[in-house]
Amino acid sequence: MIIGMSFIVCTFIFALMIAIIYFAKKHVDTIETKLYNYILIISVINMIIEFTLCTNILLGVPLFSFYNLLINKLFLVTLFTWFTLFTIYIICVSGLLKLKNKVLNRIILYYILMVIILVLLPLELVNENGVAYSTGIATYFLYGICVAYALIWLIIIFKGKKKLGKKVIPFVAFIVCLTVMLVARALIPGLLLNSFSSAFATILMYFTIENPDIKMIEQLNIAREQAERANAAKTDFLSNMSHEIRTPLNAIVGFSNLLLDDREIPDKAKDGVRDIVMASDNLLEIVNGILDISKIEANKLEIVNSEYSTKKILDELVSLCHGRLGEKPIEFKTNFDATIPAVLYGDAGRIKQICVNILTNAIKYTKEGWIEFKISSVIKDNICRLIISVEDTGIGIKEKNIDKLFNKFERLDLEENVTIEGTGLGLAITKKLVDLMHGKIVVQSVFGKGSKFTVCIDQRIVKNPTIKVESEKHYDEIQVKNKRVLLVDDNKINLKVAERLLASYGIETESIESGFECIDKIKTGNKYDLIMLDDMMPKMSGVETLKKLKLIDGFNMKVVALTANALTGMREKYLNEGFDDYLAKPINKDELNKIINKYLNSD
Ligand code: ADP
């Protein structure tokens, strides 16, 4: 009896400590955790009752007294409660059953019924040579329930072992412990191990499954995975959307540009068309921004380095700024260091994008005064540090807002700037791009007076450039004779845009709507000076079509990828796939000029 009691006392103290630690911590609110709360409480109560039973005997409380009988019955009920809770818990953890209200109501009904039976069934108390224990129908009934439960546990462990994983440990340990207890109890009836085995399982469950810290980490991991999945879905959605937007935009930009070149259209109508072009340019910039931010979030934005002419980029930037300044009373000053090398190695497109973003902001947020676009360079060995600054006399930024500048979708003082268009993406993208290029961006601003954005980026100097340095010619008036281009695109409007654009150069076109038709045309001996092939076509993509074309004997026509898939790195992707060149939709007139001049202008 004394050994049994010391067992109970030790386990009780330990279980109590676990209970205190457990309830002192914050836990995640799940059904399993709620069940475990009850399991832990019932475990402690169980031991208190068993301890009371023992002390009753030591204190000489009459064995057959009503009080003793009541405590014994209570003990059976709490033991049954523990087993039932444990069984529901194991079912929940294994994921084999979802505890819905209907199921829960049935379980409660079953529990109440069983408790009534247990209380009503007769219980015998025995005292054999100072060793007291309970027996009788109520006890055997409980044992019977235990055996049925054990069978359920075994089935669950076997069926749900994959989902349970490591969680199976306390359950198996408990079954082993319970078997040992039953055998020991059969051999030595006075051995008090009932509540010990349940407490032992409860403690093991704490260490392996229910420790709030483990649970919290598990829940955090689940939440992180869910957030990552949702973010990936959002990224996919955004890039699909921007692809979808680009396609109609191609028609708007293409047809408006054609109208601008049309001599028969009155000047008044042309003004309207110019506004359409400007609005679609803005829309395209927004779509590109969304695409960039989703790429940045998916860690897919890459810096693609190549040689580039610094003069060409600066010329393009200056002319873009003049266009955007329009009629605003702002003096646009430039100050470019003469020491800037003519050819540098880096991602010209992204450097340009950074400059465009901060220059456009300066123009947007300045009503009058001046804007200075300054670039100086510091040269060390073969590295040129470009120090690009854009200073304005605009509205300035409040000091408290400087930290928020680079947050995505964050626009400052929205009420005051309500008339200025923007998405709040420009600076977030700029910062990411600067970081990706291992550069720095600094903002100085006085609210109401103006701002200065400074960007430092290192670029490699190219001593023996492989590209031509002189600024690009404009080919506005190219006219091409006797050239045939095959246009392949599943979208009829896109075909129409391309036909009309090419016709304005005097180029003959033939339009077809699938890769299959394209292969047929070439196989049947048709000859073209150029093929413009859309990539995203149903059934057979442009890339697949090109692969099949290249398998045709003697095929040596030039093929340009024509696609709305205008992410960064796409040019390289398409060139790697075997295309000769790449043209993004909406078709940019200058880019089209370059392609025509390169492949169709025999002069
Ligand atoms: P937006 O599309 O709104 O211009 P940005 O990310 O480019 O988004 O800029 C974020 C915010 O920073 C802007 O909404 C504006 O309030 C502020 N900001 C950026 N550049 C300037 C500037 N040169 N002068 C004043 N405020 C600026």
Side-chain angles (χ1 to χ4, degrees), residues 282 285-286 289 292-293 296 310 313-314 316-340 350-378 384-459:
N282 277 345
E285 223 163 81
I286 293 169
D292 275 344
I293 208 81
I296 286 168
T310 46
I313 290 210
L314 295 181
E316 283 171 1
L317 283 170
V318 172
S319 78
L320 185 125
C321 287
H322 282 302
R324 294 204 170 171
L325 275 165
E327 303 288 300
K328 269 190 165 182
I330 298 172
E331 185 194 349
F332 186 67
K333 303 191 260 187
T334 54
N335 182 352
F336 304 139
D337 225 341
T339 54
I340 301 170
R350 293 305 184 181
I351 297 254
K352 203 172 142 193
Q353 192 179 355
I354 291 170
C355 295
V356 168
N357 282 347
I358 49 178
L359 282 164
T360 311
N361 278 348
I363 296 168
K364 277 200 302 193
Y365 300 105
T366 307
K367 286 192 191 89
E368 54 188 8
W370 51 262
I371 292 171
E372 186 181 30
F373 179 28
K374 186 174 169 191
I375 304 186
S376 41
S377 68
V378 180
C384 167
R385 172 160 299 179
L386 292 175
I387 303 160
I388 307 163
S389 70
V390 175
E391 194 172 352
D392 63 54
T393 54
I395 57 170
I397 302 155
K398 286 179 193 153
E399 208 180 323
K400 65 171 182 132
N401 285 335
I402 297 259
D403 288 344
K404 296 187 210 155
L405 270 184
F406 300 108
N407 294 348
K408 67 177 176 187
F409 303 116
E410 186 98 54
R411 304 202 66 214
L412 315 173
D413 297 320
L414 213 53
E415 313 84 58
E416 290 150 52
N417 297 337
V418 78
T419 51
I420 305 173
E421 285 173 14
T423 52
L425 284 178
L427 285 181
I429 295 170
T430 305
K431 172 88 171 75
K432 291 281 180 195
L433 290 176
V434 172
D435 288 348
L436 278 173
M437 293 190 205
H438 310 290
K440 284 223 152 32
I441 179 162
V442 187
V443 188
Q444 294 155 289
S445 188
V446 179
F447 184 62
K449 288 232 161 92
S451 320
K452 185 176 179 184
F453 284 76
T454 310
V455 175
C456 287
I457 294 170
D458 286 352
Q459 299 281 277

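The shown structure was predicted, so the numbers you read here are calculated from the model rather than taken from an experiment.
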(message) Working note: Lys432 + Asp292, criterion side-chain contact (heavy atoms from CB on, under 4.5 Å); need CA distance, chi angles, decisive distance, verdict.
(response) CA-CA 10 Å; Lys432 291 281 180 195; Asp292 275 344; over 6 Å; no
(request) Applying side-chain contact (heavy atoms from CB on, under 4.5 Å), run through Thr360 and Arg324 and close with a yes or a no. (result) CA-CA 8 Å; Thr360 311; Arg324 294 204 170 171; 3.1 Å; yes
(message) Does any part of the side chain of Phe406, heavy atoms only, come nearer than 4.5 Å to the side chain of Ile441, both counted from C-beta?
(response) yes
(message) Tell me if the NZ atom of Lys333 is crowded by more than 12 foreign heavy atoms within 6.0 Å.
(response) yes
(message) Rounded to the nearest 0.5 Å, what separates atom CG in Asp392 from atom NZ in Lys452?
(response) 11.5 Å
(message) Using side-chain heavy atoms (C-beta onward) and a distance below 4.5 Å, is Leu405 in contact with Lys431?
(response) no
(message) Please check: side-chain N/O of Ser376 versus main-chain N/O of Asp337, any donor-acceptor pairing under 3.5 Å?
(response) no
(request) Specify the closest pair of heavy atoms between Ile387 and Cys456, including all atoms of both residues, with the distance to one decimal. (result) CG1-SG, 4.0 Å
(request) Hey, could you give me the NZ/CD1 distance between Lys449 and Ile395, rounded to the nearest 0.5 Å? (result) 15.0 Å
(message) Quick check: do Glu331 and Thr393 have side-chain heavy atoms less than 4.5 Å from each other?
(response) no
(message) Rounded at 0.5 Å granularity, tell me how far CG in Leu436 sits from CG in Leu433.
(response) 6.5 Å
(request) Ignoring hydrogens and angles, tell me if any N or O in the side chain of Ser319 forms a donor-acceptor pair with the backbone of Glu316 under 3.5 Å. (result) yes
(request) Measure the spacing between SG of Cys321 and CD1 of Ile330 and express it to the nearest 0.5 Å. (result) 10.5 Å
(message) Let me confirm one number: the OG1-CD1 distance from Thr334 to Ile371, rounded to the nearest 0.5 Å.
(response) 12.5 Å
(request) Taking all heavy atoms of Cys355 and all of Leu317, pick out the closest pair and write down the distance. (result) CB-CD1, 3.6 Å
(request) Using a 4.5 Å cut-off on heavy atoms from C-beta on, say whether the side chain of Glu372 contacts that of Asn335. (result) yes
(request) Mind running side-chain contact (heavy atoms from CB on, under 4.5 Å) on Lys404 and Ile397 for me, showing each step along the way? (result) CA-CA 10 Å; Lys404 296 187 210 155; Ile397 302 155; over 6 Å; no
(request) Return yes if a side-chain donor-acceptor contact under 3.5 Å exists between Ser445 and Ser451, otherwise no. (result) yes
(message) Please give me the minimum heavy-atom distance between Thr339 and Ser377, naming the atom from each residue.
(response) OG1-OG, 2.9 Å
(request) May I ask you to test the Phe453-Leu427 pair for a side-chain heavy-atom distance under 4.5 Å? (result) yes
(request) Check whether any side-chain heavy atom of Gln459 sits under 4.5 Å from a side-chain heavy atom of Ile351, and report yes or no. (result) yes
(request) Please tell me if the side chains of Thr454 and Lys374 come closer than 4.5 Å, counting only heavy atoms from C-beta onward. (result) no
(message) Just verifying a value: how many Å separate Asp458 CG and Cys384 SG, rounded to the nearest 0.5 Å?
(response) 8.0 Å
(message) Working note: Ile375 + Phe373, criterion side-chain contact (heavy atoms from CB on, under 4.5 Å); need CA distance, chi angles, decisive distance, verdict.
(response) CA-CA 7 Å; Ile375 304 186; Phe373 179 28; 3.9 Å; yes
(message) Ignoring hydrogens, what is the shortest heavy-atom contact between Ala428 and Ile293? Give both atom names and the distance.
(response) CB-CD1, 4.1 Å
(request) Report yes if the side chains of Ile354 and Ile388 come closer than 4.5 Å at any heavy-atom pair, otherwise no. (result) no
